[in-house]
Visitor: 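Right, I'll just put the structure down here and ask away after.
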Amino acid sequence: MKLITQEFDHTPTVLLVDDQPSVAFIVKKILEGYCELLYASHLSKVHELLIKTEVDLVLLDIELQGETGWNFIEQLKAIYELSDLPPIMFITGHTGSEIEEKALELGAADFIIKPIVPAILKMRVMNLLRIKSLDRQAVFYKNQLEDMVKHSAMVISFWSSDWQCLYFRDSDQEESAPNTVQLVDIIPASLASKVMQIGTEEGSHQVQASSEIDDGISGLTMTMRHSNIFGDYIFLSFTRVSETA
C-alpha cells in the first residue's frame, strides 16, 4: 500500500543516507510499498539528489566514513532555508540523550536509534510523511488561493463606524492609501447612501441594489465587527462584474 494523497496522487520519496548497505537493505524492506526509497552512501551524492528529486524525507546516519551528519546538516542550512528542506530524521547507534538533544537543536524532525525496530521506524516515517503531505497541500492551496485572489475582481475594504477608510484593496487597481479613499469613490453614490444607512447595524448584510444603480457590482456584503485595535469597524466587500460577462 502506498501513501498517496488523493489531491496530488503523490508517492512519497525517502532518501536514506548511510554507509552500511545492510542498513539500506533493512530500511528498504521495512518501507517497501509505502514510499520510493533512494539510497546514498556518501554525503557528496545527497546535494545532487536533493536538486534533481523532490524528496519528502531524509534518513541521515549521524556517523559516516570520514564525515558526520552534524557537519552535513550545517552545510545544508548554509545553502537552504531550513523551511525549504525536507524533514530530516537522524539515525545513530548512540543512546545518550545529549546526542538526541543536539540532533533536535540542529533542526532534525525526529531521531531513531540502531538497531532499528521495524514497527517504530515505519510509524515514525509514516508520521513525518503525513505531516509533509499536509504541508505540501497547504502550500498548494495557499498558492491557488493567492492566484485566485490576484485574478479576481474582488474589492475588500475596512471602514470605521463614521466611514473613514482603514484598509482598501481593489484587484483591478493599484493599491491606494486608505485615507484617500471615500465610499463614493468605489461604489455609486446611490448605493453608498444605502450602505451607510444600514452599515452600522450589527450582523452581516447582503445589500441588494437595482440594476440601474448596481453599476457592475455583485455580491456586496458588509459586516459590523469589533477589534481591540480599531474598535467597531465595518468590513465591506463586493465583486466587480465585467460588462462582457
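The chain is numbered in sequence order, starting from 1.
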Visitor: Under the salt bridge (charged side-chain N to carboxylate O under 4.0 Å, His left out) rule, collect the residues that match up with K29, sequence neighbours excluded.
Guide: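 Partners of K29 by the salt bridge (charged side-chain N to carboxylate O under 4.0 Å, His left out) criterion come out as none, since no residue qualifies.
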Visitor: CG/L128 to CZ/R130 distance, rounded to the nearest 0.5 angstrom?
Guide: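 The CZ atom of R130 is 10.5 Å from CG of L128, to the nearest 0.5 Å.
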Visitor: Under 4.5 Å between side-chain heavy atoms, hopping through other hydrophobics if needed: is there a path connecting I30 to I120?
Guide: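 Yes.
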Visitor: What pair of heavy atoms forms the shortest contact from L121 to M89, and how long is it?
Guide: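 Answer, listing the atom of L121 first, then M89: CD1-SD, 4.2 Å.
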Visitor: Show your reasoning for whether side-chain contact (heavy atoms from CB on, under 4.5 Å) applies to L183 and W159.
Guide: CA-CA 9 Å; L183 193 59; W159 303 80; 3.8 Å; yes
Visitor: Can you tell whether the side chains of K122 and E32 come within less than 4.0 Å, N to carboxylate O?
Guide: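 Salt bridge flag = no for E32 with K122.
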Visitor: Provide the closest heavy-atom pair for A40 versus K45 in the form atom of the first, atom of the second, distance.
Guide: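 Answer, listing the atom of A40 first, then K45: CB-CB, 4.2 Å.
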Visitor: Could you tell me if the ring centre of F72 sits under 6.0 Å from that of H47?
Guide: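 When the ring centroids of F72 and H47 are compared, they turn out to be within the sub-6.0 Å range.
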Visitor: Would you give me the side-chain donor-acceptor pairs under 3.5 Å for residues 99-113, sequence neighbours excluded?
Guide:
none

Visitor: I'd like to know whether W70 forms a side-chain contact (heavy atoms from CB on, under 4.5 Å) with F90, so could you lay out the CA-CA distance, the side-chain angles of the two residues, the decisive distance to 0.1 Å, and finally the verdict.
Guide: CA-CA 10 Å; W70 308 129; F90 275 120; 4.1 Å; yes
Visitor: Say you draw a straight line from CG of L85 to CD1 of I73; how long is it, rounded to the nearest 0.5 Å?
Guide: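 Reported to 0.5 Å precision, the distance equals 7.5 Å.
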Visitor: Kindly say whether V23 contributes a backbone atom to a donor-acceptor pair with the side chain of D18 at under 3.5 angstrom?
Guide: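 The answer is no, because no donor-acceptor pair under 3.5 Å joins these two groups.
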Visitor: Starting at CD of E54, measure out to CD of E36 and round the result to the nearest 0.5 Å.
Guide: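 Taking CD in E54 and CD in E36, the distance rounds to 11.5 Å.
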Visitor: Say you draw a straight line from CE of M196 to CG of D162; how long is it, rounded to the nearest 0.5 Å?
Guide: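 Between atom CE of M196 and atom CG of D162 there are 9.0 Å.
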Visitor: Measure from the side-chain N and O atoms of T11 to the backbone N and O of C35, and report whether any donor-acceptor pair falls under 3.5 Å.
Guide: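 Such a contact is absent between T11 side chain and C35 backbone.
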Visitor: Picking from V58, I91, L38, L60, what satisfies side chain to side chain contact (heavy atoms under 4.5 Å, CB included) with L16?
Guide: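 With L16 as partner, V58, I91, L38, L60 yield a single side chain to side chain contact (heavy atoms under 4.5 Å, CB included), made by I91.
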Visitor: If you take all heavy atoms of K132 and P86, which pair is closest and at what distance?
Guide: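 Distance-wise, the nearest heavy atoms are NZ-CA, 4.5 Å.
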Visitor: Which heavy atom in A189 sits nearest to a heavy atom in V184, and how many Å separate them?
Guide: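 So the two residues come closest at CA-CG1, 4.2 Å.
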Visitor: V117, L57: one ILVMFWY side-chain cluster at the under-4.5 Å cut-off?
Guide: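 V117 clusters together with L57.
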Visitor: Keeping D185 on the side-chain end and V181 on the backbone end, is there a donor-acceptor pair under 3.5 Å?
Guide: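 Not confirmed, D185 side chain does not pair with V181 backbone.
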Visitor: Do I156 and F235 pass the side-chain contact (heavy atoms from CB on, under 4.5 Å) test, and can you show the C-alpha distance, the side-chain angles, and the key distance before you say yes or no?
Guide: CA-CA 8 Å; I156 296 174; F235 172 70; 3.4 Å; yes
Visitor: Are L59 and F25 in one and the same hydrophobic cluster, where Ile, Leu, Val, Met, Phe, Trp and Tyr link if side-chain heavy atoms are under 4.5 Å apart?
Guide: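 Not linked; separate clusters.
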Visitor: Can you tell if the side chain of P87 reaches within under 4.5 Å of the side chain of I131, non-hydrogen atoms only?
Guide: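 When only atoms from C-beta onward are counted, I131 and P87 do not touch, as no gap falls below 4.5 Å.
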Visitor: Which pair of heavy atoms, one from I234 and one from S161, lies closest together, and at what distance?
Guide: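 Scanning both residues completely, I find the closest heavy atoms to be CD1-CA, 4.4 Å.
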Visitor: Might you work through the side-chain contact (heavy atoms from CB on, under 4.5 Å) test for D19 and D61, ending with a clear yes or no?
Guide: CA-CA 8 Å; D19 56 6; D61 189 7; 4.0 Å; yes
Visitor: Rounded to the nearest 0.5 Å, what separation is found between the CD atom of Q20 and the CD1 atom of I26?
Guide: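 Output value for this atom pair is 9.0 Å.
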Visitor: Which heavy atom in D56 sits nearest to a heavy atom in P12, and how many Å separate them?
Guide: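 For D56 versus P12, the nearest heavy atoms are OD2-CA, 3.3 Å.
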